[in-house]
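Report on the following structure.
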Amino acid sequence: GNSDYIRRLFEIDKTMLANKPLMYHEYLSQFEFKNIVSISLRLNENGWCRNFISKYINYLKPEERKNALTYNSAYLNFMNGDFKNAIRKLREVEFTDVVYQLDSRVVLLKCYYELDDIETFFYHASAFRIFLLRNRNISDYQRTINRNLIKFLTKIVRAGTSKTKLTQLKKEISTEKNVADLKWLEEKVEMLI
């Protein structure tokens with residue numbers, strides 16, 4: 001979570017991209033691609049990220065390009081505050097891998113929260129919980145951090161404008177470090193207090 005190290009990793013990735021050592025048999029891993037997108041967006045390097053996606057999408061294996069482009073474009077839309085287009089794009093993601101399934105569900109949950117679409121938010125949160133419960137390909141760690149995200153984000157929605165409940169929730173979140181997108185979640189609580 002230390003942004004100094006994230007910045008260093010970002011600079012290392014840029015250097016490696018220039019020298020192509022991230023390639024494996026002429027292709028860039030779809031997961032390395034996704035990680036670079038995530039890191040650049042965490043650093044608010046959205047313009048760089050947009051250029052990276054358009055320039056390097058053709059470095060992925062042909063069969064992985066469409067899904068990688070769709071998911072990563074959706075995530076970029078989310079980070080740019082274009083939640084409706086993020087949702088539209090995420091509906092096109094093919095769930096060929098549990099990573100895309102988890103991350104797409106997380107972004108969808110956050111989009112519904114941001115749009116204040118409470119009914120859809122609760123429906124999606126419930127479906128996400130069931131998915132975590134039933135899917136055997138999810139590690140215990142991934143299951144835990146995503147369950148905690150759902151739990152805390154649901155509590156934020158239910159707390160409404162109650163400063164007392166939100167302050168208590170902020171303390172509860174600060175003691176639990178196993179939460180997906182913890183920094184984003186903390187920012188959401190802080191904005192409401």
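Index from 1, following the sequence. None of these values were measured; they are calculated from a predicted model.
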ILVMFWY cluster, L132 and I145 together (side-chain gap under 4.5 Å): no
Nearest-0.5 Å distance that lies between atom CG in N67 and atom CG in N72: 9.5 Å
Between K34, Q30, E94, which is the residue that forms a side chain to side chain donor-acceptor pair (under 3.5 Å) with Y100? Q30
Does L115 reach the side chain of F121, with side-chain heavy atoms less than 4.5 Å apart? no
Got a second to check how far L102's CG is from I138's CD1, nearest 0.5 Å? 4.5 Å
Exceeds 12 heavy-atom contacts within 6.0 angstrom, atom CZ of F122: yes
Can you tell me if K84 has over 12 outside heavy atoms packed within less than 6.0 Å of its NZ? no
Check: F131 main-chain N/O paired with N135 side-chain donor or acceptor under 3.5 Å: no
Check E190 with K183, please: is the shortest side-chain N to carboxylate O separation under 4.0 Å? no
Are more than 12 heavy atoms, taken from residues, nucleotides or ligands other than E63, located less than 6.0 Å from that residue's CD atom? yes
Under 6.0 Å from the NZ atom of K55, do we count more than 12 heavy atoms belonging to anything else shown? no
Do F33 and F52 have ring centres separated by under 6.0 Å? yes
Measure the spacing between CD1 of I36 and CZ of F10 and express it to the nearest 0.5 Å. 9.0 Å
Under a plain distance cut-off of 3.5 Å, with no hydrogens placed, do E64 and Y27 share a side-chain donor-acceptor pair? no
Whether N80 side chain and D82 backbone form a donor-acceptor pair below 3.5 Å: no
If the plane angle is over 60° it's perpendicular, under 30° parallel, otherwise tilted; pick one for W184 and Y113. perpendicular
On the 0 to 90° scale, with breaks at 30° and 60°, tag the F78-Y75 ring pair as parallel, tilted or perpendicular. parallel
Sidechain-backbone polar pair: S73 side chain, T70 backbone, donor-acceptor under 3.5 Å: no
Does atom NZ of K165 have more than 12 heavy-atom neighbours from other groups under 6.0 Å away? no
Flag yes if more than 12 heavy atoms outside K170 fall under 6.0 Å of its NZ atom; otherwise flag no. no
Backbone N or O of V93 within a donor-acceptor pair of the K66 side chain at under 3.5 Å? no
Checking side chain to side chain donor-acceptor pair (under 3.5 Å) between E45 and each of R50, K14, R7, which is the one that passes? R7
Nearest-0.5 Å distance, CG of residue L166 to CE of residue M191: 12.0 Å
So F31 and D97, side chain to side chain contact (heavy atoms under 4.5 Å, CB included) or not? Walk me through it. CA-CA 11 Å; F31 302 111; D97 184 275; 3.5 Å; yes
Reported CG-to-OG1 distance for the pair L169 and T164, which is rounded to 0.5 angstrom: 12.0 Å
CG on L108 to CD1 on I87, rounded to 0.5 Å: 6.5 Å
Over all atoms of both residues, closest heavy-atom pair of R105 and A127: NH1-O, 4.1 Å
Does Q101 offer a backbone N or O that forms a donor-acceptor pair with the side chain of S104 under 3.5 Å? no
